[in-house]
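Please read the structure below before turning to the comments.
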Amino acid sequence: MKMKIVIAAAMLAAGLSVHAQTIIKFSHVVAADTPKGKASEFFAKKAAELTKGKVKVEVYANSALYKDKEEMEALQMGSVQMLAPSLAKFGPLGVKEFEAFDLPFIFDDRTELHKITQGPVGAALLTKLESRGIKGLAYWDNGFKSFSANSPLKTVADYKGKKYRIQSSKVLEEEIRAVGGIPQVIAFGETYQALQTGVVDGTENPPSNFYTQKMHEVQKHLSLTNHGYLGYAVIVNKKFWEALPADVRTPLMQAMNEATTYANQIAQEENDKALASVKASGKTTIYTPTAEERLALKKAMAPVHTKMADRVGKDTLQQIYQATGFDPSKL
Ligand code: LMR
């Protein structure tokens, strides 16, 4: 008894709560040394600090706990409390609108992207998760994807007949079909092996994922197409979140806001560094498509917008076009 009081007094003196600590398991599939990996660690630190130790965030990187599909199920079941899946992975959950982010060439740059992720369209999309028992807290940036393969990818014809690993998005399936490729959905954690063993010929990813998963060891060519965006929604189990007392939830949200600012600050730089490392490795030939080659790719992929408009929701799509100025019919 005496001992307990001494410990409690010591904890109080250290500014820590004597109540049981809330554990948040935060699972993700990428390396620790990526925009998402770093931002989740930043969040864990901030959460401990701002809740004065009432919350401990345990980050599990690199699919250590779950792969893509399993982690969504684990979140809904409450086996983990927090995830940051790519926006391309919400389709299987039945929230297809997020696949609008996968539409080829829809964002020219981060400024356009942020009009959506930091504006009313992005906020409205997050509320669609609630009926699935999920609360969306924030969007974290990663970057623009480039295609890779074991043979050069310059003209549209070069893409034809190759098998590409994609994330579980119908829009991405159509994007690959639009250039005559064969899409194959494979978990992120199994991609390196699929490339290594030749199950697929190529893939698409931002440089940060490409480099940290060592894809440069098993892909001879990387074409800097920047044809699509890959980023994240940070999500929590809704019941868990709503059951948190306000004096925990408020500082936790503050920690999330600070982590979001941090994530979006480092994302470009992390991708630049990763690309420089791929270059330095000398294992992958990096090609920058000419303006004509990139335009040809854009034109070849433009029909995906019309084809998938019903799936992602015409209203959502119009709102994005309005904010960004993209018009596929003008291509
Ligand atoms: C992928 O599967 O390629 C990405 O979604 C991985 C990630 O989380 O960045």
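Counting convention: from 1, in listed order, for ligands and their atoms alike.
- When each atom of ligand 1 is checked for a heavy atom of Val30 under 4.0 Å away, the hits are 6 (C), 7 (C), 8 (O), 9 (O).
- At least one heavy atom of Lys36 sits closer than 4.0 Å to an atom of ligand 1.
- Here the straight-line distance linking atom CD of Glu174 with atom NZ of Lys170 works out to 9.5 Å at 0.5 Å rounding.
- For Glu73 and Tyr66, the side-chain atoms include no donor-acceptor pair closer than 3.5 Å.
- At under 3.5 Å, a nitrogen or oxygen of Asn209, whether backbone or side chain, sits near a nitrogen or oxygen of ligand 1.
- Interface of Leu230 with ligand 1, defined as ligand atoms under 4.0 Å from a residue heavy atom, comprises 4 (C), 9 (O).
- Ring pair Phe101/Tyr139 is tilted by interplanar angle, where 30° to 60° counts as tilted.
- Residue Glu204 places no heavy atom under 4.0 Å from ligand 1.
- Heavy-atom proximity to Asn205, at under 4.0 Å, picks out these atoms of ligand 1: 3 (O).
- Heavy atoms only, all atoms of each residue included: Ala44 and Val59 are closest at CB-CG2, 4.1 Å.
- Where the criterion is an N or O separation shorter than 3.5 Å, residue side chain and backbone included, Gln167 meets it with respect to ligand 1.
- In this structure, Phe26 and His28 have perpendicular ring planes: the angle between them is above 60°, well past the 30° mark.
- Near Ser86, meaning under 4.0 Å from any of its heavy atoms, are these atoms of ligand 1: 5 (O).
- With a 4.0 Å heavy-atom cut-off, ligand 1 is reached by no atom of Thr191.
- Centroid-to-centroid, the aromatic rings of His221 and Tyr287 stay 6.0 Å apart or farther.
- Heavy atoms of Lys89 found under 4.0 angstrom from ligand 1 belong exclusively to the side chain.
- Ser86 and Gln167 are linked by a side-chain donor-acceptor pair at a separation below 3.5 angstrom, with hydrogens and angles left out of the test.
- Atom CG of Leu103 sits about 11.5 Å away from atom CE of Met301, to the nearest 0.5 Å.
- Given atom 9 (O) of ligand 1, the protein heavy atom at minimum distance is Tyr232 OH, 2.4 Å.
- The protein heavy atom nearest to atom 3 (O) of ligand 1 is Arg165 NH1, 2.8 Å.
- Using cut-offs of 30° and 60° for the angle between ring planes, the Phe107 and Tyr229 rings count as perpendicular.
- Atom 6 (C) of ligand 1 has its closest protein heavy atom at Phe188 CD1, 3.5 Å.
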